[in-house]
Peer 1: 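Take this structure, written in structure tokens, and hold onto it; I'll ask about it next.
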Amino acid sequence: MKIKVFLPVVLIVFMVILWVYLLNANQEFFFYYREQQQLFIYDYSSFCDRYFSFGGLSLLLSQFLVQFFCLHWTGPIITAVLGGITTWLIWHSLYRLYPETRGVYFVPFCFMPVILQLNALSDFYYNYDGFVAFVLMIVSFALYTWITEQRTVLWRVIIGSLFSLILYFLAGPVAIPFSVSILFYDLLMKRKSAFWQIISVGLILITGFLCIHLGIIVNTRFAFTNDFYYEPLLKPRFGLLMSWIAFVILPPVLWITHLLRKLRTATWIIISSLLLIFDVGYSVYLLSSSKDSKFNVFFRLQRDVVIGNWNDILGEYDAIQDRRNYLLMNYVNLALSYKGKLIENLFSYHQQDPFSLIVGGNARRVPEVITLLSYIYYKIGNISAAQDKAFDSFACGHYGNPSMLKMLIKTNLIYRNYAVAEKYIFILEKTWYYRKWAIKQRCFLYNDKAVAHDRELGSKQRDLPRNDHFTMKDDPYEDLKDILQANSYNKVACNYTIAYLLLLKNKNQIDDFVQRYYRTPVLYHVPELFQQALVAFHENDLSFCLQHGVTKNTIRQYQIFKSLYIEARNAGQDPRSLLDADFSRSYWYYFLFNTF
């Protein structure tokens, strides 16, 4: 008797611990990403606008939980515990069907719907409210099996229909597998006139079409499938529907096990043990499959940018095999800039062209890239561009972005747009995690002196251009020159300008920069890589190089490089085989062997 009571709990606790470990090891950054895609605001009007809608309860509960995912381990623990509770409710509810059989051995069957739901969360387009809606469906099913235990057929139909309707409006299309499962449950319980429970299924279908007709729901795709919990512009893979299917077929599976009730205990132990092993292996397989995906890599990088883990970004680069990626290099170069080593270590990494510094093209329209660009522009000192990208990133999300709202507060304080900054501070003050930071920003409101004397805001304020003009031009060099003209002591902008010119391989712009800024605070000392660029473009006019900060040692190094190159070419060898050891991090090596 004691085994029957405690064994299910022990098995569920074991699986919860396993899920916590797997989710943290493989989806930790997904949880943080989800937290960054919403603002849970403790405000009555916000609650009414956002949650008094179709499926609003699942959205409310999910966003309430997701706000805590900014804390390490919180996301995996909350998710795994909910999965464990859900498993227990499934088992306890279905155990009522045949309590006289060996129901204790049925526990491993109940893990499968939860495992499939946890795997669905590895798709970052699948919203967390889909998981919460699944939990609400199981809770509703457990309540139905308990409440209707001694009810008449009329009461069962009324309760089933009422539960289905309430669940449909509060949690969305999960009401469909719920209504089907209670129909199967009543049939397998051999309740009188059990087939009348099909009314609840028909009622949901009628209600769904009525909601479409009234404009409450867009179309049948969102009214009757789990597309409702997915990114609206995309269509989910069929595998995301498997958790619903797995739950619906559990009652028939239990009926089959009831037919085998005469099997010996030893046989049941073997069957359950094999199934439990399968559950563990399948959990490990599914929940580990997303660990090395390219999306997971960039979610890690995005998390590291938000919290300032620059060393982790550089470490992530070392772990990636395919490094010919502009986004990756944008993260790496931003990290190098924060560590003050952008120029010093520029060619220690796989630089391709100027897009390695600031990505261009259609990628600039992706919300995650827009967020990254906001951080890059802010670091450089292009405050207007940082503000523009922060607003785009904040607005294009369905429910806001806390890090971008912080960026909007800072940029508006820098521009002395105190009324706008106050509005954003007021919003952020109504959140749980960011409230203290928002309150601290109030000391800068309508206080020019406080902003000017702040180490961060004051330095960024000095980067503001003296005259109004268009920013984010086709040539970033013009924007960088405007920043340097406003603040010649902005070393970050200077380093990004030098890096941009080096990667561009444009002699005229390099000459313009060195002639304009040499012996000024911008370029009082010429970095070694920039010296190498000057020698490469002026090898027939070394006097120009010497007049603009190039040392004789750099010229000697160039002569060695050139002689080794000629020697290799004359010998019919690949010059890189001789030059790689000593010159792979030089500008000359990049200039000759990197084409774009």
Peer 1: Considering only heavy atoms from C-beta outward, does the side chain of Tyr32 approach that of Ile307 to under 4.5 Å?
Peer 2: yes

Peer 1: If the test is side-chain hydrogen bond (donor to acceptor under 3.5 Å, both in side chains), which one of Tyr375, Tyr33, Tyr331 qualifies with Gln302?
Peer 2: Tyr331

Peer 1: Show me the donor-acceptor pairs, under 3.5 Å and distance only, between side chains in residues 231-245 and residues at least two apart or in other chains.
Peer 2:
from   : atom 1 : to     : atom 2 : distance (Å)
Arg237 : NH1    : Asp123 : OD2    : 3.2
Ser243 : OG     : Gln117 : NE2    : 2.6

Peer 1: Looking only at side-chain N and O atoms, does Thr79 offer a donor or acceptor that is under 3.5 Å from a partner on Tyr128?
Peer 2: yes

Peer 1: If every non-hydrogen atom of Val306 is compared with every non-hydrogen atom of Ser403, which pair is closest and at what distance?
Peer 2: CG1-CB, 4.1 Å

Peer 1: Kindly state each residue pair satisfying side-chain hydrogen bond (donor to acceptor under 3.5 Å, both in side chains) with at least one member in residues 336-347, sequence neighbours excluded.
Peer 2: Asn311-Lys339

Peer 1: Apply salt bridge (Lys or Arg N to Asp or Glu O under 4.0 Å) to Arg303 and list each qualifying residue two or more places apart in sequence or on a separate chain.
Peer 2: Glu28

Peer 1: According to salt bridge (Lys or Arg N to Asp or Glu O under 4.0 Å), who are the partners of Arg585, at least two apart in sequence or on a separate chain?
Peer 2: none

Peer 1: Above 12 or not: heavy atoms from other molecules or residues under 6.0 Å from OH of Tyr433?
Peer 2: no

Peer 1: Identify, with sequence neighbours excluded, every residue that meets salt bridge (Lys or Arg N to Asp or Glu O under 4.0 Å) alongside Lys379.
Peer 2: none

Peer 1: Going by salt bridge (charged side-chain N to carboxylate O under 4.0 Å, His left out), name the pairs with one or both residues in residues 404-420, residues two or more places apart or in two chains.
Peer 2: Lys410-Glu456, Arg416-Asp448

Peer 1: Closest approach of Ala386 and Tyr378, non-hydrogen atoms and distance?
Peer 2: CB-N, 3.6 Å

Peer 1: Does the ring centre of Phe134 sit less than 6.0 Å away from the ring centre of Tyr229?
Peer 2: no

Peer 1: Between Leu89 and Val139, which heavy-atom pair has the shortest distance, and what is it?
Peer 2: CD1-CG2, 3.8 Å

